[in-house]
Amino acid sequence: MTEQELQRRETLGKLREMGIDPYPAEMFPVSHLASEILENYQEEVLEDGTKNRLNYQEVALAGRVMASREAGKALFMNLQDSSGRIQLYFRRDNFLDGDEAPMFDTVLKKLIDLGDYIGVKGYAFRTKTGETSIHVSEYKFLSKTLRPLPVVKTDAEGNVHDAFTDPELRYRMRYVDLTVNTSYREIFIKRSRLIRTMREYLDELGLLEVETPILQPIHGGAAARPFTTHHNTLDMTLYLRIANELYLKRLIVAGFDGVYEFAKMFRNEGMDRTHNPEFTALEFYVAYKDYNWMMEVTEQMLERVARALNAAGNATAQVEDQTINFAGPYRRLTMFDAIKEYTGINVETADEAELRTYCRSEHIHIDETMGKAKLIDEIFGEKVEHHLVQPTFLIDYPVEMSPLTKKHRSKPGLVERFELFVNGKEVANAYSELNDPIDQRERFEEQLRLAARGDEEAMAMDEDFIRALEYGMPPTAGIGFGIDRLAMLFTGQASIQEVLFFPQMRPESLH
RNA sequence: GAUUCCGUAGCUCAGUCGGUAGAGCACUUGACUUUUAAUCAAGUGGUCAUGGGUUCGAGCCCCAUCGGGAUCACCA
């Protein structure tokens, strides 16, 4: 234990010796938050120069002591609650017990450490330097902090000193991070509001919020490597879901007109600043609609989200030096037109050999197993994707890349699919759902052939899903959004770790 | 998984050519009844990530390991 930790354990013992419970059980009746008093406190100056305090003359607040400044027989503290920080003012005269003042000289000055929780009662006033404060008449010790918090200070010019910045420590000890770097709380409040706004919109559309299995015997609905686990009683392998798409479509078969789920997905793949092994998706499916309808819904929903998260109510988000406008309609660009625009290549007429030659000349990483569709996808990723900063629907993909998507109504070889790109990254993937069970079986069989050639991410055959389609699924539009990516966009963060409370980390050795 | 940078006090960081381990804040003691990055005075605090190696001598040079960041690969 460090010296400061030992000292705090000593003060803990001294509190007990004085009959003060460092971890009392009973509730403390909080009446106000710091920010409310700071914003609304009022006083008037009378003709004789004295002040008349107009409100908050009987308040009770609670929080952590984040700074303490002794000034002789006066003492100032900064109390931090969930809303912010307010200054406390204590005078020795208010805590006299005969000539002694143990609750001032001993407890306040010696036994309360930075980070400790206290509750105070008193009245609001303004000091002669103009700081709205609480004049404390009584206080109660609420909880002891045994480890020293990092002391982050901000000076008069707004410069932050000794900021707690080490990413490893911040992510491992998010409780410390959010205590001392309170501005990061705003990211998570916005993330919560993002989800709530989407949920409100979907509820207004009349969709049903549902839950589907996380433990799945067949990992379907996406191309990714799964986590594997084992169920003891059933003695069988189960997979943590990489997608919930096939279950949600079963519910459309079941007769619900629209279903949605905010779902944690798990993918056993690399980690970087846009990928965490578990992440959150919103998927929803609506009967009797197609992907054109879904584009309009996407525009409406994201515009509403943007306005809800923007302080001024604008439909924009700021990402570094880019201002992104979420007011619809968004640009719609076919995959082939996008490649033509940014490379000059007509992939519709080019054959596989021509695409290969182009890729080599542009140093795009390819291998011999890639077919024409995969080559198109690689060219798009290298040459087009990063240009799509403002929200753009990329539409009409080659059928080979989309085994769950309905064939295009008029363009042979393509499917009715779109992906939404914002700030050069994919944030949503949607299609007119494939509901032809015979076509679906052929698509799965094609996936099996890919798997046999060594494609680890090819989808497995799901006989029960085929059976469900054979019972009949109405024409349906479906979409999946990456919630973490959206949270990054709307909070201006470059790393997914900043929008997750507890990003995945290697284990830490704690003795 | 590959490459690369980083790891020194509770926090943020210095540390020269390889020669006794440093600063600010925090902490301890004292002064001060409207201070606010409070101030003033005096102090405490270190397995220099871990383990080897080279050397008379390693925070510094070499090797390995652990952890983190960035870039790449895979992916959303």
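Numbered from 1 within each chain, the chains take letters A, B, ... in sequence-line order.
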Atom CG of A:Leu75 and atom P of B:rU34 are separated, to the nearest Å, by 12 Å
In whole angstroms, the gap separating P of B:rG10 from CD of A:Gln4 amounts to 8 Å
When you compare the side chains of A:Thr212 and A:Glu261, does any donor N or O come within less than 3.5 Å of an acceptor on the partner? yes
Item to complete: Pick the C1' atom in B:rU16 and in B:rU54, then give their distance to the nearest Å.
Response: 22 Å
- prompt: With a non-hydrogen cut-off below 4.0 angstrom, is A:Arg506 in contact with a base, only sugar-phosphate, or nothing?
  reply: sugar-phosphate
Against the side chain of A:Pro150, the closest entry in B:rU33, B:rC11, B:rG69 is B:rC11
Exercise. Using a strict cut-off of less than 4.0 Å between a Lys/Arg side-chain nitrogen and an Asp/Glu carboxylate oxygen, indicate whether A:Arg191 and A:Asp484 qualify as a salt bridge.
Key: yes
Among the nucleotides B:rC11, B:rU35, B:rA73, whichever has the atom closest to the side chain of A:Glu382 is B:rA73
Side-chain contact check for A:Tyr171: nearest option of B:rA26, B:rU12, B:rG69 is B:rG69
A:Thr476 backbone acceptor or donor facing A:Glu433 side chain under 3.5 Å
no
* Distance, P atom - from B:rA58 to B:rA31, rounded to whole angstrom -> 46 Å
With a cut-off of 3.5 Å and sequence neighbours excluded, list every side-chain donor-acceptor pair involving residues 417-424 of chain A.
{"residue": "A:Arg417", "atom": "NE", "partner": "A:Asn429", "partner atom": "OD1", "Å": "3.0"}
{"residue": "A:Arg417", "atom": "NH1", "partner": "A:Met401", "partner atom": "O", "Å": "3.4"}
{"residue": "A:Arg417", "atom": "NH1", "partner": "A:Ser402", "partner atom": "OG", "Å": "2.7"}
{"residue": "A:Arg417", "atom": "NH2", "partner": "A:Glu419", "partner atom": "OE2", "Å": "3.2"}
{"residue": "A:Glu419", "atom": "OE1", "partner": "A:Tyr397", "partner atom": "OH", "Å": "2.8"}

### Query
Counting N and O atoms only, with roles assigned by atom type, does the side chain of A:Gln42 sit under 3.5 Å from a partner on the main chain of A:Asn55, one being a donor and the other an acceptor?
no
Distance alone, cut at 3.5 Å: any donor-acceptor contact between the side chains of A:Lys14 and A:Thr106? no
Would you say A:Gln216 and A:Leu246 make side-chain contact, with heavy atoms under 4.5 Å?
no
Residues in residues 97-125 of chain A with a heavy atom under 4.0 Å of RNA chain B, by number, are A:Lys110, A:Leu114, A:Phe125
Discussion item. Between B:rC74 and B:rC6, how many Å separate the two P atoms, rounded to a whole number?
Written reply: 28 Å
### Distance, C1' atom - from B:rG15 to B:rU8, rounded to whole angstrom
9 Å
- prompt: Using the benzene-type ring in the case of Trp, are the ring centres of A:Tyr41 and A:Tyr56 under 6.0 Å apart?
  reply: no
- [ ] Record whether the side chain of A:Gln87 comes under 3.5 Å of the base of B:rU35 through a donor-acceptor pair of N or O atoms.
- [x] yes
Sticking with atom C1', work out how far B:rU20 lies from B:rG24, rounded to a whole angstrom. 23 Å
- Message: Base of B:rU33, side chain of A:Arg91 - is there a donor-acceptor contact under 3.5 Å?
- Response: yes
ask   = When you check the side-chain N and O atoms of A:Asn52 and A:Glu44, is any donor under 3.5 Å from an acceptor?
value = yes
| Reckon A:Glu70 touches a base, only the sugar-phosphate, or nothing at all at heavy-atom distances under 4.0 Å? | base
Under 4.0 Å between any heavy atoms, over every strand shown, what does A:Asn276 touch: base, sugar-phosphate, or nothing? Just pick one.
base
Note: for A:Pro277 and A:Met173 on RNA chain B, the residue whose nearest nucleotide lies more 5' is A:Met173
A:Phe90 and A:Phe104: aromatic ring centres closer than 6.0 Å?
no
The nucleotide from B:rA70, B:rA76, B:rG67 with an atom nearest the side chain of A:Arg273 is B:rA70
Heavy-atom nearest nucleotide on RNA chain B taken for A:Asp93 and for A:Pro167; more 5' hit belongs to A:Asp93
A:Arg85 atom CZ is separated from B:rU35 atom C1', nearest whole Å, by 16 Å
Considering only heavy side-chain atoms of A:Asp162, the closest of B:rG45, B:rC11, B:rU28 is B:rC11
In whole Å, measure the gap between the C1' atoms of B:rA42 and B:rC60 for me. 34 Å
Looking only at B:rU33, B:rU35, B:rA37, the nucleotide nearest the A:Asp155 side chain is B:rA37
**Prompt:** If you measure from the C1' atom in B:rG46 to the same atom in B:rG7, how many Å do you get, rounded?
**Reply:** 15 Å
Side-chain atoms of A:Lys153 come closest, of B:rA76, B:rG24, B:rA38, to B:rA38
query: Just checking A:Arg172: base, sugar-phosphate only, or nothing, at a heavy-atom cut-off of under 4.0 Å?
result: sugar-phosphate
Here the distance between atom C1' of B:rU12 and atom NE2 of A:His161, to the nearest Å, is 11 Å
* To do: State whether the aromatic ring of A:Phe279 stacks on the base of B:rA76, taking stacking to mean ring centres under 5.5 Å apart and ring planes under 30° to each other.
  => yes
Separation of B:rA73 atom C1' from A:Ile364 atom CD1, nearest Å, is 16 Å
When rounded to whole Å, the CE to C1' distance for the pair A:Met488 and B:rA76 reads 11 Å
Whole-Å distance, A:Phe90 CZ to B:rU35 C1', equals 13 Å
message: Less than 4.0 angstrom between a side-chain N/O of A:Arg69 and OP1 or OP2 of B:rU35, yes or no?
response: no
Taking B:rG24, B:rU34, B:rA37 as options, the one with an atom nearest any side-chain atom of A:Thr127 is B:rU34
> Under 3.5 Å, is there a donor-acceptor pair between the side chain of A:Thr50 and the main chain of A:Leu46?
Replying inline: no
Query - Sugar-phosphate only, base, or nothing, as touched by A:Gly482 at under 4.0 Å among non-hydrogen atoms - result: nothing
Considering only heavy side-chain atoms of A:Asp272, the closest of B:rA73, B:rC32, B:rU35 is B:rA73
Of the candidates B:rA76, B:rG24, B:rG10, the side chain of A:Glu426 sits closest to B:rA76
note: A:Leu169, atom CG; B:rA9, atom C1'; distance rounded to Å ~ 14 Å
Using 30° and 60° as the class boundaries, would you call the ring planes of A:Phe125 and A:His135 parallel, tilted or perpendicular?
perpendicular
- Query: Roughly how far apart, to the nearest Å, are B:rG1 and B:rG59 at atom P?
  - Reply: 32 Å
If one requires at least 3 consecutive Watson-Crick or G-U pairs with distances under 3.5 Å, the stems of RNA chain B turn out to be B:1-7 with B:66-72, B:10-13 with B:22-25, B:27-31 with B:39-43, B:49-53 with B:61-65
Query raised in the report: So what does A:Glu10 touch, heavy atoms closer than 4.0 Å: a base, only the sugar-phosphate, or nothing?
Result: nothing
- prompt: Just checking A:Ala163: base, sugar-phosphate only, or nothing, at a heavy-atom cut-off of under 4.0 Å?
  reply: sugar-phosphate
Would you classify A:Met505 as touching base, sugar-phosphate or nothing, given that sugar-phosphate means primed atoms plus P, OP1 and OP2, and contacts are heavy atoms under 4.0 Å?
sugar-phosphate
Looking just at side-chain N and O atoms, do A:Glu283 and A:Tyr285 make a donor-acceptor pair shorter than 3.5 Å?
yes
*Contact class for A:Tyr89 (heavy atom, under 4.0 Å): base, sugar-phosphate, or nothing?*
base
Trace of the salt bridge (charged side-chain N to carboxylate O under 4.0 Å, His left out) decision for A:Arg170 with A:Glu498: CA-CA 10 Å; A:Arg170 285 186 50 229; A:Glu498 295 291 352; 2.8 Å; yes
